[in-house]
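Okay, structure first, notes after.
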Amino acid sequence: MAAIGNMNLFDLFFVLQLLLLGVCVLVICYRYQRLKSMKKCSLGVVQWPIVGVLPAIVANMHRLLDGVTFLLATSQLNFQCRFWLAGFRFFVTCDPDNVRHIFTSNFDNYPKGDVFADMFDVLGGGIFNTDGERWRRQRNKAQMLMTTPRFRAFVARSSLDKVEKGLLPFLAHVADERKTCDLQDVFTRWSLDATCHLVFGVDPGCLDIGLPEVPFARAMDDVLRTIFLRHTMPVSFWKTMRWLGIGHEKRNAAARRTVESFVASAIAKHRADDESKSRQGGGGGGDKQPVADLLSSFLCDDEIAGSADADVYIRDMAMNLLVAGRDTTSSALSWFFYLLSTNPRVEQKLLQELAPIASRKPQLQQGRLFPGNGGMVTFDASEVRNLLYLHAALCEAMRLYPPVPLEHKAAVADDVLPSGHEVMAGDKVLVFYYSMGRMKRVWGKDCREFRPERWITEDGKLRYVPSNKFVAFNSGPRTCLGKEMALVQMKVTAAAMAWNFAVDVVPGHVVEPRLSVILHMKNGLLVRVKRREPVMNT
């Protein structure tokens, strides 16, 4: 109430606007549903005066991704959503030609924009939230650090270590106890441990057998859900909610404090450890010990450490890398094993590809193709990096369920897209990656099938697919810097887990996407895990 008492006329106007527009939307939705029941209109093709297709979006909020996919399929891969009274102007697309134009050909006209930075305020001034020269400097610096042979070796070693000492022992415990587990939660914990090790050089132990409470993970889920909901409403709406401290914005404020505290504590501990090691080493005089984790690299970089905003830069960069690594990889693996468990043909072909490598392992020298109770087999990065079917299956899973389901851009100047649509300066552009993977015009009549073979040519080679069609790792100058790192992590993890364990989704468990900027599962992924039965090598 104190906040309302301090409102000025300008803020009061926004509140009244929110209420009036809410009434308008309810009335329009009511009439829309009546028209729909009378079969006088079709979902997604009605452009209402003033509010455009907003009623259709509101009516499908509970299934927004699939609703937008239907709208795009019935609108030639593109549609515009304009709500003039609230400055709500979006162009929505999943057209590969438009993606190439927006992400590459006319890149400078489509930055993230100030609205994006406001929506993703948790990322501060980090690499995913900036444009222009600041973004270029950050990207160049991150690329220089992440592409060194030392860091790549660190990623490979760290990924295998976390699989051997964390993921496989936990799954063995679950299998032996004959319990069900939420595999999405398991992957989120595994990914947080792995990402913290890569970024901070420490393992928080989230995947311990007792599954300790992880406030950061729960808080990050709340933050990401809030960011997604901000995409679905005029900026004035959610900014008013944030100012009043109500609804999901109230939860977001508390969640952000938890997230920022976690990152600040990790950085402070890292610095304290470095200072302690320095004192124990005699306070200098010797060469610096080689460092591999990203935070150490940033702290030891003279250009970064000597800048006026070094602390803010390091905090924002650490936050961006932590969010990107923790959520995208866990999402990709969750959907991959869901698809693998429901497609036994694909599972068998993957096991056949792994068999020749596994048969050479010390654990299997007695002629056992599958480890059973005789020990678990792992695969290092060099063994799985070039496995064709594993790579194809992972890409196919991310085609259908991209970890980031949509991208947000802002037009600087008026433009005409390859599809013929006009975009005006200030328009927001939403590119729905999730929808693109479900378009017959893009991927063919079998676009909704999980078929890794579409990635393999007739002569048994990996088929080239341009990044404006397969957008799981973004496209153009902003292509994901961590692509190779993520693929190494996923391949090492997926190979070991698929070889050692069979995963079955609990009958009756509903699997559907959650409303979030990261494509997690709304109800988790409840599964039963069983050790593979031993099979004699013939």
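Below, all heavy atoms of this structure are taken into account, side chains as well, without hydrogens, waters or symmetry copies.
- Leu65 places a side-chain heavy atom less than 4.5 Å from the side chain of Pro405.
- Distance alone, capped at 3.5 Å, places no donor-acceptor pair between the Asp504 side chain and the Arg528 backbone.
- With values rounded to the nearest 0.5 angstrom, Leu354 atom CG is found 4.5 Å from Phe379 atom CZ.
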Listing, residues 483-498 side-chain donor-acceptor contacts under 3.5 Å, not counting sequence neighbours, or none:
unit_1	atom_1	unit_2	atom_2	d
Lys491	NZ	Arg385	O	2.9
Lys491	NZ	His391	ND1	3.0
Thr493	OG1	Gln489	O	2.7

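- Contact of the Tyr433 side chain with the Leu519 side chain is not registered, since no non-hydrogen atoms from C-beta on lie closer than 4.5 Å.
- The backbone N or O of Arg399 lies less than 3.5 Å from no partner atom in the side chain of Trp443, so there is not a single donor-acceptor pair.
- Here the CG-CG distance, from Leu167 to Leu333, works out to 9.0 Å after rounding to the nearest 0.5 Å.
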task = Verify side chain to side chain contact (heavy atoms under 4.5 Å, CB included) between Phe216 and Leu322, making sure each step is shown before the conclusion.
result = CA-CA 11 Å; Phe216 169 83; Leu322 182 60; 3.6 Å; yes
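- Residues Arg152 and Thr147 come closest through the heavy atom pair NE-O, 3.9 Å.
- Using a cut-off of 4.0 Å between Lys/Arg side-chain N and Asp/Glu carboxylate O, Glu213 and Arg218 are scored as salt-bridged.
- No side-chain heavy atom of Asn523 sits under 4.5 Å from any side-chain heavy atom of Asp182.
- Enclosure of atom CZ in Arg178 is not indicated, since only 12 or fewer non-hydrogen atoms of other residues, nucleotides or ligands lie within 6.0 angstrom.
- Arg189 contributes no side-chain N or O that, together with a main-chain N or O of Ala217, makes up a donor-acceptor pair within less than 3.5 Å.
- Within 6.0 Å of NZ in Lys530 there are 12 or fewer heavy atoms belonging to other residues, nucleotides or ligands.
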request  = Quick one: do Tyr434 and Thr69 satisfy side chain to side chain contact (heavy atoms under 4.5 Å, CB included)? Show the steps, please.
outcome  = CA-CA 8 Å; Tyr434 177 89; Thr69 298; 3.6 Å; yes
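- No side-chain heavy atom of Tyr338 sits less than 4.5 Å from a side-chain heavy atom of Val527.
- Closest heavy-atom contact between Glu353 and Leu390: OE1-N, 2.9 Å.
- With respect to Asp221 and Arg251, no salt bridge is recorded, no charged nitrogen being found less than 4.0 Å from a carboxylate O.
- Note that CD1 of Ile227 and OG of Ser516 are 8.0 Å apart. Values are rounded to the nearest 0.5 Å.
- Panel note: side chain Asp208, backbone Gly210; no donor-acceptor pair is recorded below 3.5 Å.
- For the pair Ile456/Leu388, a side-chain contact is recorded, criterion being any heavy-atom separation below 4.5 Å from C-beta on.
- Salt-bridge annotation for Asp203 and Lys162: present, with a side-chain N of the basic residue lying under 4.0 Å from a carboxylate O of the acidic one.
- Ionic pairing of Glu453 and Lys349 is present here: one or more N-O contacts between side-chain nitrogen and carboxylate oxygen are shorter than 4.0 angstrom.
- The aromatic ring centroids of Trp135 and Phe116 lie 6.0 Å or more from each other.
- Contact between Ser341 and Val505 at its shortest, heavy atoms only, is OG-CG2, 3.3 Å.
- The CZ atom of Phe107 sits 12.5 Å away from atom CD1 of Ile102, with the distance rounded to the nearest 0.5 Å.
- Counting only heavy atoms from C-beta outward, the side chains of Met119 and Val517 never approach each other to under 4.5 Å.
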request  = Please step through side chain to side chain contact (heavy atoms under 4.5 Å, CB included) for the pair Phe120 and Arg230, ending with a clear verdict.
outcome  = CA-CA 9 Å; Phe120 288 79; Arg230 288 173 176 177; over 6 Å; no
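- Scanning both residues, Met146 and Leu294, for their nearest heavy atoms gives CG-CD2, 3.8 Å.
- Of all the heavy atoms in Ala255 and Asp222, the pair that sits closest is CB-CB, 3.8 Å.
- Atoms OG and CG, on Ser475 and Asn468 in that order, are 5.5 Å from each other to the nearest 0.5 Å.
- Side-chain atoms of Arg360 come within 3.5 Å of backbone atoms of Pro356 as a donor-acceptor pair (strictly under, hydrogens ignored).
- Between Phe151 and Phe154, the ring planes are tilted. Angles from 30° to 60° get that label.
- The cationic group of Arg438 lies under 6.0 Å from the six-membered ring centre of Tyr401 and within 45° of the ring axis, placing it in a cation-pi geometry.
- A distance of 8.5 Å separates CE of Met319 from CD1 of Ile267, quoted to the nearest 0.5 Å.
- Between the Asn474 side chain and the Cys480 main chain, no donor and acceptor come within less than 3.5 Å of each other.
- Between Met376 and Glu164, the closest side-chain pair of non-hydrogen atoms is not below 4.5 Å.
- Counting only distance, with no hydrogens or angles, the side chain of Glu407 and the backbone of Val431 share no donor-acceptor pair below 3.5 Å.
- In this pair, Phe470 and Trp455 present their aromatic rings perpendicular. The plane angle is above 60°, beyond the 30 to 60° band.
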ask   = After noting the C-alpha distance and the side-chain angles of Ile127 and Leu481, does the key distance pass the side chain to side chain contact (heavy atoms under 4.5 Å, CB included) rule?
value = CA-CA 11 Å; Ile127 188 172; Leu481 284 175; 4.1 Å; yes
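- In this structure, the side chain of Ser331 does not engage the main chain of Asp327 through any donor-acceptor pair within 3.5 Å.
- No donor-acceptor pair under 3.5 Å is formed between the side chain of Ser330 and the backbone N or O of Gln184.
- Taking both residues in full, the closest heavy atoms of Leu400 and Gly437 are given as CD2-O, 4.1 Å, listed atom of the first, atom of the second, then distance.
- Using a 4.5 Å cut-off on side-chain heavy atoms (C-beta onward), Val346 and Leu339 make no contact.
- Without hydrogens or angle criteria, His520 side chain to Arg514 main chain gives no donor-acceptor distance under 3.5 Å.
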